[in-house]
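Below you'll find the structure, written out as structure tokens, and then a few comments.
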Amino acid sequence: MARMKFYCDAERCIECNGCVTACKNVNEVPWGVNRRRVVTIRDGEPGERSLSVACMHCSDAPCAAVCPVDCFYTTDDGLVLHDKDICIGCGYCFYACPFGAPQFPADGAFATRGKMDKCTFCAGGPLEDNSAEEFRKYGANRLAEGKLPLCAEMCATKALLAGDADIVADIYRKRIINRGASVLNRGVSYQNATLRSPSGLSGRATSKE
Amino acid sequence: MRSMEETRWSPAATNCFHLFWILLLAASTFLVIPGGLARAEGVEIPNPGADLWREVRQRDATPVPVPAPTTGIDLWREVRQRNAAAIPAGTTQVSGTDSAELINALGDQWRRFRMEQLVPYGGYVLGGMVLFVALFYFIRGRVPIHAGVSNKVLFRYSVYERMIHWFIASIFLFQAITGIFLLFGRDFLIPVIGHGAFSLLASASKEGHNLFGPLFLLALALIFVRFVRRNIYEKGDLTWLLRGGGVIGKKHVPSNFFNMGEKSMFWLLVFAGGTLVVSGLILIFPNFGQGRALMGLSHAAHGITAIVMTAVIIGHIYIGSIGMEGALEGMKTGYCDLNWAREHHDWWAQRCENEDKILSRDQVGRAGVHSPEPAAGQVVEESGK
Amino acid sequence: MKLRKRSEQIDPRSQGRKGAGTAVSRRDFLRTSGLMAGGAALASTLSPAMMKRARASAEETGRVQKVKTICTHCSVGCGIIAEVQNGVWTGQEPAFDHPFNLGAHCAKGASVREHGHGERRLKYPTKLVDGKWTKISWDQAIEEIGDQLMKIREASGPDSVYWLGSAKHNNEQAYLFRKLAAVWGTNNVDHQARICHSTTVAGVANTWGYGAMTNSYNDIHNSRAIMIVGGNPAEAHPVSLLHVFKAKEENNAPLIVIDPRFTRTAAHANHFLRIRPGTDVPIIWGMLWHIFENGWEDKEFISQRVYGLDEVRQEVAKWTPDEVERVTGVPGNQVYAAAKAMADNRPGTFIWCMGGTQHTIGNNNTRAYCAFQLVLGNMGVSGGGTNIFRGHDNVQGATDFGVLSHTLPGYYGLAEGSWKHWSKVWDLDYEWVKSQFDVEEKAGDFFGEEGGTGDRVKPMNSNGIPVSRWIDGVLEEKTNIAQRDNLRAMIFWGHAPNSQTRGQEMKKAMEKLDTLIVIDPYPTVTAVMHDRTDGVYLLPAATQFETYGSVTASNRSLQWRDKVMEPLFESLPDHTIMYKLAKKLGIADALCKNIQVQNDEPLIEDITREFNKGMWTIGYTGQSPERMKKQQQNWGTFDYTSLEAEGGPCDGEYYGLPWPCWGTAEMGHPGTPNLYDMSKPVAKGGLTFRARFGVERNGVSLLADGAYSKGSEIKDGYPEFTDKLLKQLGWWNDLSDSEKSAAEGKNWKTDMSGGIQRVAIKHGCAPFGNAKARTVVWTFPDPVPIHREPLYTSRRDLVEKYPTYEDRKNFYRLPTRYASIQAKDYSKDYPIILTSGRLVEYEGGGDETRSNPWLAELQQDMFVEIHPRDANNAGIRDGDDVWLEGPEGGRVKVKAQVTRRVASGVAFMPFHFGGHFQGKDLRDKYPAGADPYVLGEACNTAMTYGYDSVTQMQETKASLCKITKA
Amino acid sequence: MIGDLIDGPLWYFSAAVFLLGVLWRVFEILRAGVARDLAPPRAGGSAGAVRALFSRFLPRRSLVKTGKLQLIAGYMFHLGLFALLFFAAPHVDFLEERVTGFGWTPLPHWAFIVASEVAFAGLLLLLLYRLMHPVTRLLSSADEYIGSVLVFVVMLTGCLALARSFEVLRLVHLFSAELLLVYFPFSNLMHAFTFVISRSYTGANMARKGVNA
């Protein structure tokens, strides 16, 4: 079987958050629950790079390991999904997940945290494919319709790739090779010396009195 | 009358328990936590990105400096490898707990702690405690009142004291049972009753556990206020400790209203209970923006103290019930047998005798008229509604 | 017993409401409506319109219908596939075969389906009565508004009503709106282009003929270098970076970003030049200095196709690296590196946005950019060009249709001949049209695109008040205005007031008006920022997903947009509202004389055909509805890079028939993908520079010198085509008899048969002639672009050398101040430079996007970016509330974001927020249920005076402010 | 299925038993009447009845001074239970759907939880008091224990079902509530209704005697 993976190209990700709203759009997740998010490192400084992250569908999923009710399962496509009918909303997966994927409804307070919600790779859940019930609990099941996750399909710069790990790796390999020459020619980092702070730029007033 | 030999044995046996709890607590605190955190390490994950990068570099003979780990090409790899150290702090437009953090640095440690230490060792500790108690019972048998049950009693606990004792006891029991379901259920119950039924049980346990948690705080506060005075360590307690509660040497170790072991048990309850309450509150209010790291640590503290406390309480229950003759009586009726008091709390018993507070069982009677409780009339009125 | 489980997806916002524990989306409702017995219980969460439809269609089949439409957010023009089920927009799929975006979307595009929910829309016509919003009927609204407008017309003349249109209208609506203002009898009509790219249009059109993006987003694939000045496409046009990155990665094209701010685009650049706001001319001249110094200019190109470069050389010579560094702050080596990168990698494309345009010298900036490209010979080639990213989805179209106070559709201007041309197109009597206008003549300092004199001009022929200045039209002394009376009624038809500067004065102006009318899908900030208690009408307009028509993307491509769903609630399409209003005003017959009207809705296709008959200047004549619809059905057949269809029903056409698409639709011109590209015959989309400025000046020929487009029968420059020229050339007989009679006495712009264009193109010639581009615009205040300090500048030491303009008495009917403001030194009290810009999640005034929960969740607080040094000096920590005050006293209370994204001494604010005013939350003032999810201070409340010397573009990119902890 | 039984017939049955039982008990008490007081009244009884009915919601002064835990617990339990029973969102929904046909503003979730904490603490303490205090223990019959335990079970099952995601837990809660409803009219739990009668009677009686009590 194919092994589904996400891949995010930080050289292309521009933090437009298209993936985030695409996810909201297709899965109709409520305010406060963000199955996908874009994280920017060194924001506003040379070396600024963004990555779109969601559930990575790990092969050794820590969430599944710590779940006290064992509600996670791995599909034939290598996707880590969970059964909301089993989940008790304890939050352990959130403590364990390296990527911050598990989300909980914002109103969850004091004993009621609400069921965990996370990226399903647009593959729904354990219910009947594309049933109303499945949509309500898990969002869209695009995989069953032969489509890939909408976040990746709609990525503005095609930075976020999703699909069979081999194919995705191949696309990325081509990109790197394309890019390789320019990377090598210009020095590895894209942050050239031109990014250092200019000298006379201060906008401070020059009036003497 | 039984021999003096046996009389001296009984407090030693009790004290032996108390000593064991303290050692257990110390051991778990000093060994388990740091051990757990130190052992957690990164996992080796295959890395196709690196190969790709190598291929690119090989296109040119000139050596290229290894890029800083967070240029675009490598950032994703570091993320996939969960290499938190290589990833600078981030920002994000998505509001949420820790959402700006690409990698949860403590997540893996927490997972390892929970799955590889807390669950197995916690199980061993609890199981071991039950086994230990059982063995102890079969080997040593019940500790009798050597002087036999007398006709005299001493007033030991008021209605209020008994109320709050059983209040905290029932809450602790409930919390312990639901907690045990949540901690060990996946390993022991799912194979038996299946996912669906266990999920139901776990959900109920979780809701109940969360709801009764704050009540434990209330109960703990009541207990603390009421009993703290009698539990302040005093002079004789050191002797008690040095003699191992009577285990070392064969002499009886005298004690006051509470002995050193009981006092330690009280302070353990206060501190471990306090830890349980604080960490528990952190866990059931996830909506105050506390991060995963704090919650993970709270969970670890909660788990360890809960295991230790439960183990101790198993011992406590044992001694309080089948383990020792006459021990339950005080907490049940409010009065304890004079002989029992002499054998276990002789300074207190002596003081009571001096103050002429010894009552006969007949005097106590059915309704406890001699209890220094509120006037009987008031009680009658209250129950007459 | 089987375990039955219940759901738990809870919408936190519905928690407060009783019985609404489970939010039910429409989609959900539909999917389950067949199964749900207790549907009525859930109905309370649905809007009435939604319910109606859901019920009505309950028996119909739930077939999913796929509708091809175009995103309504920015000018990239991304294709969208909307899935509609029973009339409800249930899904959105990426349009992988769309040639612009290949299915890609930014945050806004990926969330357009929320329009199908429209939870925060204005739901019915509403009127402010004694400070309370009151629901009224459409009939009552039209009746009352019409009476008020007629009353004002009688008392003060037609010029006292201001028709503020929108770049959100589709082409047909924009055209109809301009026509509506014309038949009403005023030039007081304008739209957002005035405040986004008007200086671009003026500058670029005056350089080589047309004021538009010359190439296309897709054509960037061919670029060997990319320079972006004053633009942040990563946030403003994210999908354009799909094309930019392709060039960057596959061509190894260096990406150079020049900006005061280290934008998200700059983060991906190879070179970043951080300039001081408002120093675009110096940085460009600084680069040209190196180019001239090293002889990197394209000499052949310049001699053949560029006029007046010597004067530019003289100006450039003053900008030595030292002086450039002194003024812009950019070290010399960086300027050199950028210049060399552009010179080494040709063709390079030049992209600019509002960072360059929104200045008092905006027109100088844009002309300097053009000069830069001309010097490098990057014009008229694939991969080169000036790729000016427009803002709104149809701002290009609305500009082309002259929803502007200084021109008629097609940039015909306001001269008598222009009015006669359009009267003829409209089939109206010119004299009648003239009689609709005021007759009183006022002195007009006519300083529009075509140049002007100080003569007294009729209101019909004088520039109207621009949108940037409408507040002065209300507040200025009557005697100072070049029209009969002040503005007394404002019609905000799809315009957010928070996108304009001087918030305090705007509030006063709104309160002084007789009537304030807002026609918009959302109440907008216009509904709440004033303290009026009556005389405000809010009319719910349909969104562009609830109507259909054509829309022009930034690259001049016209795309057909299909209707996704029926208008929600009581909203009506804009053209229907226009017709209703016109009917009430008694001008409906003139407005829709040759347009079929059904149930008050003018037929869109008829409008398209009508403008096809008149838009000869810019070639909006070949894009018939049929051709556009055919292209829409065949998105996939167009090439991703060249945009040319290969095979299929549209074989040989360029996608969107990018204008100029010459001649009539029957002629089948494929559209012009890249302007001024002489490597193709004109018939195949080739072009020369336009002969727009005469044939010679001071004895020097302005026509091209030995350069001509492929296949041209005239192997040299030539003037624009007229009947006389055809006769001279002996091509007159190529016209058919009917064409001959139509063309007699006409030129290529006014010949309504299209015959002159057809014959010119047949002989390989561009109908508008073949001339040189000019780098000297002798009709402008600064013929050669020069640097002038902003009105509110922090660099007082530079004011003497680079002073601003003298004040003007009458400029677009209004006195306009320059020197009198710059004379005063504000820099001591207001030491920090203030600039503004875009966020990716929001658009424009933001009412629409801040009402979309999927977007609003991502930007919940208005903020100001401050450099750590300034923050530390003011004792401000990241996340603190701060007061930001402009030198005119406008204050905003916002959150501080301490970041090195801005330089020390510079602060940045996004301009999409509104709904707070000087620290006050106005949420209560919105009509119930129509307040956006996110409110915040409008940055323009604190922004100051300052208008471009040619177009009255407001200066929002360089002002001053002080920031203190709140 | 058992679930359908609990959700349907059993609910109606228990509700009917509860309703009829309560009516019958109250009717019986009223019908029994009281012995006629032959002494001439010093004042009218109505005012005294109303006063007693409400004044006795407050504790007696002597009790307040001693500040006993069981007194506080009594208030905690009764107030908490009242809030919980009639103002918890799920209960309001239930009542609206099954009983009244109209709803009212429920407590926010956090207040609901606080109310149940308070009620639980009160009930547990009271139950322990009943067991621990020698006099009360002797006075307590099986009825009191059954009543207390039933109420406790209903509250506990409700608490376990708090996540509202498992139908079984809801049914268990409902079932225990149904048991309580059936038991209610035949037990001391009737004080929830009869306190009105008894207090009014005492108040009126005292008023007629001229005693301000």
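Below, chains carry the letters A, B, ... as their sequence lines are ordered, and counting in each starts from 1. Keep in mind that this is a model prediction, so the values were computed, not measured. Side chains are part of it too, since the values below use all heavy atoms of this structure and drop only hydrogens, waters and symmetry mates.
- For C:L255, no part sits under 4.5 Å from any heavy atom of chain A, backbone or side chain.
- Side chains of C:Q897 and C:D878: a donor-acceptor N/O pair is absent below 3.5 angstrom, by distance only.
- The residue among C:S240, C:A856, C:P238 with the most heavy atom pairs within less than 4.5 Å of chain A is C:P238.
- Ion pairing between A:E28 and A:K24 fails under the 4.0 Å rule for side-chain N and carboxylate O.
- Side chain to side chain, A:T40 and A:E15 meet the donor-acceptor criterion of an N or O pair below 3.5 Å.
- With chain A as the partner, the residue from C:Q860, C:H867, C:K246, C:E865 showing the most heavy-atom pairs under 4.5 Å is C:Q860.
- Judged by the 6.0 Å distance and 45° axis criteria, C:R261 is positioned over the aromatic ring of C:F908.
- Using a 4.5 Å cut-off between heavy atoms, C:E93 touches chain A through backbone and side chain atoms alike.
- The candidate with the highest count of non-hydrogen atom pairs below 4.5 Å against chain C, out of A:C16, A:C19, A:G18, A:S50, is A:C16.
- Residue contact with chain C, scored on non-hydrogen atoms closer than 4.5 Å, involves the side chain of A:N34 exclusively.
- Here C:L242 is the residue among C:V840, C:V239, C:L242, C:L241 with the most heavy-atom pairs under 4.5 Å with chain A.
- For C:L858, the part sitting under 4.5 Å from any heavy atom of chain A is the side chain, from C-beta outward, and nothing else.
- Contacts of A:R142 with chain C are made by side-chain atoms alone, with heavy-atom separations under 4.5 Å and no backbone atom involved.
- Of the residues considered (C:G103, C:A107, C:C106), C:A107 shows the highest number of contacts with chain A, using heavy-atom pairs under 4.5 Å.
- Neither the backbone nor the side chain of C:Y826 comes within less than 4.5 Å of any heavy atom in chain A.
- Heavy-atom distances place the backbone of A:C13, and not its side chain, under 4.5 Å from chain C.
- With 3.5 Å as the limit, one finds a donor-acceptor pair spanning the side chains of A:R36 and A:S52.
- One side chain, C:Y933 or C:E119, offers a donor N or O that lies under 3.5 Å from an acceptor on the other.
- Both the backbone and the side chain of C:E857 come within contact range of chain A, judged by heavy atoms closer than 4.5 Å.
- Under the 3.5 Å distance criterion, with hydrogens and angles disregarded, no donor-acceptor pair is assigned to the side chains of C:S111 and A:N25.
- Proximity to chain A involves both the backbone and the side chain of C:Q92, based on heavy atoms less than 4.5 angstrom apart.
- In terms of heavy-atom pairs under 4.5 angstrom with chain A, the leader among C:K108, C:H243, C:R264 is C:R264.
- Neither the backbone nor the side chain of C:Q859 has a heavy atom closer than 4.5 Å to any heavy atom of chain A.
- For the 3.5 Å distance criterion, the side chains of A:D77 and A:T75 fail to qualify, holding no donor opposite an acceptor.
- Between the side chains of A:D129 and A:N141, at least one donor N or O sits under 3.5 Å from an acceptor N or O.
- Aromatic rings from A:F121 and A:H57 are positioned such that their centres are separated by under 6.0 Å.
- Chain C forms more heavy-atom pairs under 4.5 Å with one residue of A:E45, A:R12, A:K158 than with any other, namely A:R12.
- In this structure, the ring of C:F272 has its center less than 6.0 angstrom from the ring center of C:F262.
- Neither the backbone nor the side chain of C:A338 comes within contact range of chain A; no heavy atom of the residue lies under 4.5 Å from a heavy atom of that chain.
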